[in-house]
Participant: 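Before I ask anything, here is the structure I am working with.
Only a predicted model underlies this, so the values are computations on that prediction, with no experimental measurement involved. Note that the numbering runs from 1 along the sequence shown for the chain. Any value given below was found using the heavy atoms of this structure, including those in side chains, with hydrogens, waters and symmetry copies removed.
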Amino acid sequence: STHLAYKAEQAVDMETGAIVAITTHGGATGDTTSVETTLQAAGAAVAEQIETVGKDGQYRVHPQGVQEVVADKGYHSGAVLAKLAQLAVRSYVSAPKQARRKWENKRDEQAATYANRRRITGERGKALLRRRGELLERPFAHQYETGAMRRLHVRGRGNAAKRILLQAAACNLALILRSLCKAGTPRGQADLTTALLSA
């Protein structure tokens, strides 16, 4: 039998921690190639929520859609940063340590890279990158290690995408349960009930 590798990419809301969009790609697809598809999926998901008004009468999302992208250094490239700048999306992408680069005929990439560097060295940029680690790394550990998604044994990319989508839905459901009941799992709910009864 042939074993194929796939990779999943998730877009997560930085305020709530909810998974907004998921895309699956071939295992050899680089982050700088797949980010555009994931950003489009996240933009479409956010656009669906633009008209949604919360209990407080405020709109849930920004009327212009996705405004900022926070990512790790795997997504850092001049072309990606220039594309984000063209879309009027502010980038906060960690910069890898690299040798000084020559920017011949790539002024837009140079400007986008320097603007990104300026943003990530500021206080807001550092805070956003820290928050990205908090909001993404733990859920990834739950999904890929505890949830056994590191190695999936399913047939085809479509089935892999379904499995990943189901896992993301469970993560979002746990988020809703934590906001409503202050517990994200049945065991957590039982612990809360026990603590309440003992009090």
Participant: To the nearest 0.5 Å, tell me how far Lys126 NZ sits from Glu123 CD.
Facilitator: 5.5 Å
Participant: Can you check whether Val20 reaches Val12 side chain to side chain, under 4.5 Å on heavy atoms?
Facilitator: no
Participant: Give the minimum heavy-atom separation between Leu128 and Met14, together with the two atoms involved.
Facilitator: O-CE, 3.4 Å
Participant: Under a 3.5 Å distance rule, please check whether Ser34 uses its side chain to pair with a backbone N or O of Gly30 as donor and acceptor.
Facilitator: yes
Participant: Distance-only, no hydrogens or angles: does the Asp13 side chain make a donor-acceptor pair with backbone N or O of Ala18 under 3.5 Å?
Facilitator: no
Participant: I need the minimum non-hydrogen distance between Ile22 and Ala168, along with the two atoms involved.
Facilitator: CD1-CB, 3.0 Å
Participant: Can you name the residues that form a side-chain contact (heavy atoms from CB on, under 4.5 Å) with Thr37, not counting sequence neighbours?
Facilitator: Thr23, His25
Participant: Between Tyr75 and Glu9, does any side-chain donor sit less than 3.5 Å from a side-chain acceptor?
Facilitator: yes
Participant: Would you mind writing out the side-chain donor-acceptor pairs for residues 77-96 within the sub-3.5 Å range, not counting sequence neighbours?
Facilitator:
residue, atom, partner, partner atom, Å
Ser77, OG, Val80, N, 3.2
Arg90, NE, Glu68, OE2, 3.3
Arg90, NH2, Glu68, OE2, 2.9
Ser91, OG, Asn116, OD1, 3.1
Ser91, OG, Arg119, NH2, 3.1

Participant: Shortest non-hydrogen contact from Ala11 to Ala42?
Facilitator: CB-CB, 3.7 Å
Participant: Who are the side-chain hydrogen bond (donor to acceptor under 3.5 Å, both in side chains) partners of Thr113, not counting sequence neighbours?
Facilitator: none
Participant: If you take all heavy atoms of Ala71 and Leu129, which pair is closest and at what distance?
Facilitator: O-CD2, 3.8 Å
Participant: Treating Arg131 as the side-chain partner and Glu15 as the backbone partner, does any N or O pair qualify as donor plus acceptor under 3.5 Å?
Facilitator: yes
